[in-house]
Structure formats: structure tokens, C-alpha cells
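So the structure is just underneath, and the comments pick up after that.
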Amino acid sequence: MSESWPWRGRVDAAEGPEALRWHQVVQPVTAATTPGVALLGFACDEGVRRNFGRLGAEEGPAALRRALGNLAWHGGTPLFDAGDVTCAGGDLEGAQERLAAEIAALLRAGHRPIVLGGGHETAWGSFRGLATARPDRRIGIVNLDAHFDLRRPVRATSGTPFAQIAEWCAQASMPFDYLCIGIAEPANTAVLFATARRLGVRFWLDEAVTAEAMGELAVEIDALAARNDALYLSVDLDVLPGWVMPAVSAPAARGVLLERIEAVITLVRATGKLALADTVELNPAYDQDGRGARTAARLAWRLAR
């Protein structure tokens, strides 16, 4: 590979082909001869800047690739890297359009994209890409997040993507079927709760996502899958406790335990309808010892299995 190829890691050559790691199997998407999992970076935090958050998430895709490179490869679907979509000159809307176009192209080629954000403005581009590639499909949304991200979209920010999706669905006469898991009640204003209820959003507070509640949550996810043709899963890393994931714009005071988030990802994948996923808000500028990146990589690893 060229010097610009971002994938590096340990090589255990003496242990044979069962000792492979991600950096040894990932290929440029241009080399694909069969569909697989396609990683696509969205190197952008313009939406975070507009939302008055801590900047640095545009470096998230690079940090995630570094953390993913050394993870063990257990075989299965081919793994590809589709590069990065960037945001130049503050043109968030243009970057989101390019992201949507790249996702749509990957889906049409038969790949299962996983987008590596970037701020949560990623979600608007992600959804539009899936809707463009599957125009006649009903799409259900699962967002693992401490925030609704339903702020009034005067202009796009990291806090508006699901409001933008709701508006798009209304204009397209499509249902806005949005399940948000991990909401921090102190971090969302009363108007956001009112907006969620007006739009028919189903949500789980962070304190409600307990071990005892996982069966009920599984029923809700299965019902979401049953009434939709495809699912879009967004994982905002600030859903995790701040002591587990400090490397985000807004670390959570409580959050949802990592094992619960992993279990929800497994439940969504088990429906067989997961068409697109993204992981967002990783901010390496606040990542001591790379612990946040390793946690985010573990979640991306689970999504790709």
C-alpha cells in the first residue's frame, strides 16, 4: 500500500492466517470484487462548531482507523475502506450532500456502509444516503444518544439532524420512525421533550436502560424492524458514561453502560434489517491514552462482524 494508506498494526506472521488483524485484511473499496463492509469517514465537526461544542471530531475517523487496525480479524464479510468525506471552508451542507452521495453509491454496489464520524451532523448525510439508495423503502431509525438532536433546524448543526430527517419525511410523505435510547433528562430541555412527543418519537432515558429492561427493549427493536424495510443505526459516543468516553463534545454525567450499548447493537443486527450504521462524536483532542478511540473501535468492530 502507499504511504498515504492509513492502516497500520502488529503482524504475528509466525502464528499463521488465524492471527490476522484488521490492518492486514482491509482493502481500498476500489479493489472490491464482491460486496462487503465499507468504512467511510466523515472528517467534519462544522456542525459541532455551529452548536458551540468542543472541536476536534473531524479527527475522529483517523483515530478510529488507528484503533481498529490492531483489532483481531475473525473472518467473514470482506472489509473495505472508502476513504473520507471532508468539510472545507465551513460548507457543512455541501459535505453532507457528498456524504449522502458516497453512501448511496456504496449501498447500490451491495456494500454495508459504516460511517466513521465526525460530529452528529453526520446523521443527516447518513440518512439521506440510505433514503436515496432505497427510495421506496420504509426506514426505521435507532439512535443511541444522550440527546434527541431535534433542535429547530434554522441551519444544520450537530443538534439538528433528526429534526431535519423529520422534516424530510413529512415532505416525502414517509413515516418518521425514530427510537432514541439513552436520553439524559437533565441534558435535554422541556421543548425538546415536547418536540419528541409531538413527532411520535419513542425514547428510553439513560436510567431506564438496565439489565432487567433488555427484554422489553428487544421487543421494541423487533417491532421497529417488523414495520420497516431497513434500519439505520446511529451510535453517538456521548451515550456512554463520561468516565468511559471522555473523548466527546459533551461527556455524559451518567450515560448507559458499555455492555448495554453492545447488547443493543447486537439486537439491531439480529433483526437482519440493518442497512447502515455510523459512530459519531469521537474527539481525539480529549482522549487520554487513546481509551475513547479503543472503546469506539470495539463498537465499530461489533457493527462490522
Side-chain angles (χ1 to χ4, degrees), residues 1-2 4-7 22 25-47 57-58 60-62 64-65 68 76-89 91-143 156 161-162 164-165 168-169 171-172 174 228-235 268-269 272-280 282 300-301 303-305:
M1 295 293 179
S2 69
S4 62
W5 184 243
W7 294 90
W22 272 42
V25 298
V26 64
Q27 302 177 68
V29 75
T30 52
T33 57
T34 185
V37 171
L39 305 175
L40 174 63
F42 188 54
C44 173
D45 60 6
E46 172 63 18
E58 68 176 348
L64 257 172
R65 286 186 178 94
L68 284 165
T77 305
L79 182 64
F80 303 106
D81 189 339
D84 284 344
V85 173
T86 60
C87 179
D91 182 16
L92 173 58
E93 290 76 11
Q96 289 169 319
E97 286 297 320
R98 291 191 298 277
L99 175 62
E102 292 283 351
I103 289 170
L106 291 170
L107 287 164
R108 287 170 177 150
H111 296 296
R112 180 159 58 88
I114 298 175
V115 182
L116 312 177
H120 215 168
E121 62 266 30
T122 304
W124 173 234
S126 290
F127 178 85
R128 285 294 308 279
L130 179 53
T132 298
R134 306 283 190 268
D136 300 323
R137 302 287 181 89
R138 177 170 163 149
I139 299 169
I141 304 164
V142 180
N143 180 29
F162 297 100
Q164 292 174 267
I165 293 169
W168 182 93
C169 288
Q171 292 169 6
M174 296 286 284
N228 288 285
D229 303 304
L231 296 183
Y232 159 45
L233 172 62
S234 189
V235 182
V268 174
R269 288 180 63 248
K273 291 190 176 180
L274 179 59
L276 171 68
D278 56 38
T279 63
V280 302
L282 178 65
W301 180 89
L303 283 167
R305 290 198 66 186

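Side chains are part of it too, since the values below use all heavy atoms of this structure and drop only hydrogens, waters and symmetry mates.
For the pair Gln96 (side chain) and Thr122 (backbone), a donor-acceptor distance under 3.5 Å is absent. Not a single donor-acceptor pair under 3.5 Å links the side chain of Asn228 to the backbone N or O of Leu231. Not one N or O on the side chain of His111 forms a donor-acceptor pair closer than 3.5 Å with the backbone of Ala38. Remark: side-chain polar atoms of Asp278 are not paired, donor with acceptor, to backbone N or O of Val115 under 3.5 angstrom. Using a distance-only test at 3.5 Å, with no hydrogens or angles considered, a donor-acceptor pair links the side chain of Glu121 to the main chain of Gly47.
Side-chain contact check for Thr279 versus Leu64: some heavy-atom pair is nearer than 4.5 Å. Asp229 is not listed as a side-chain neighbour of Ile139, based on a closest heavy-atom distance of 4.5 Å or more. Between Gln164 and Arg128 the shortest side-chain heavy-atom distance does not fall below 4.5 Å. Between Ser234 and Ile141 there is no side-chain heavy-atom pair separated by less than 4.5 Å. Asp81 has its side chain within reach of Pro6: a pair of non-hydrogen atoms, C-beta onward, lies under 4.5 Å apart. Residues Leu39 and Trp22 form a side-chain contact, since some pair of their non-hydrogen atoms from C-beta on lies under 4.5 Å apart.
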Practice problem: Check the pair Trp7, Val25 against side-chain contact (heavy atoms from CB on, under 4.5 Å), reporting the backbone distance first and the verdict last. | Solution: CA-CA 10 Å; Trp7 294 90; Val25 298; over 6 Å; no

Practice problem: Evaluate the criterion side-chain contact (heavy atoms from CB on, under 4.5 Å) for residue pair Leu107 and Leu130; output intermediate values, then yes/no. | Solution: CA-CA 7 Å; Leu107 287 164; Leu130 179 53; 3.7 Å; yes

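Shown here for Trp168 and Met174, the closest heavy-atom pair between the two residues is CZ3-CG, 4.4 Å. Between Ala300 and Ile114, the closest heavy-atom pair is O-CD1, 4.3 Å. Pro78 approaches Thr34 most closely through the heavy-atom pair CG-CG2, 3.7 Å. Taking each heavy atom of Pro113 and Leu106 in turn, the nearest pair found is CG-CB, 4.0 Å. Heavy atoms only, all atoms of each residue included: Glu58 and Asp45 are closest at N-OD2, 3.5 Å. In plain terms, the two heavy atoms of Val85 and Arg98 that are nearest each other are CG1-CB, 4.0 Å.
The aromatic rings of Tyr232 and Phe162 lie parallel to each other, their planes meeting at an angle below 30°, with 60° marking the opposite boundary. Note on ring orientation: taking the six-membered ring where Trp is involved, the planes of Phe127 and Trp124 are parallel (angle under 30°, cut-offs 30° and 60°).
Annotation: Arg138, atom CZ; neighbour count of heavy atoms from other residues, nucleotides and ligands within 6.0 Å is above 12.
A salt bridge links Arg65 with Asp84: the closest approach of a Lys/Arg side-chain nitrogen to an acidic carboxylate oxygen falls below 4.0 angstrom.
Taken to the nearest 0.5 Å, the CZ atom of Arg112 stands 6.0 Å off from the CG atom of Leu274. Here the straight-line distance linking atom OG of Ser126 with atom CG of Leu233 works out to 10.5 Å at 0.5 Å rounding. One finds the CD atom of Glu97 at 10.5 Å from the CG atom of Leu92 (value rounded to the nearest 0.5 Å). Note: Thr86 OG1 to Phe42 CZ = 9.0 Å, rounded to the nearest 0.5 Å.
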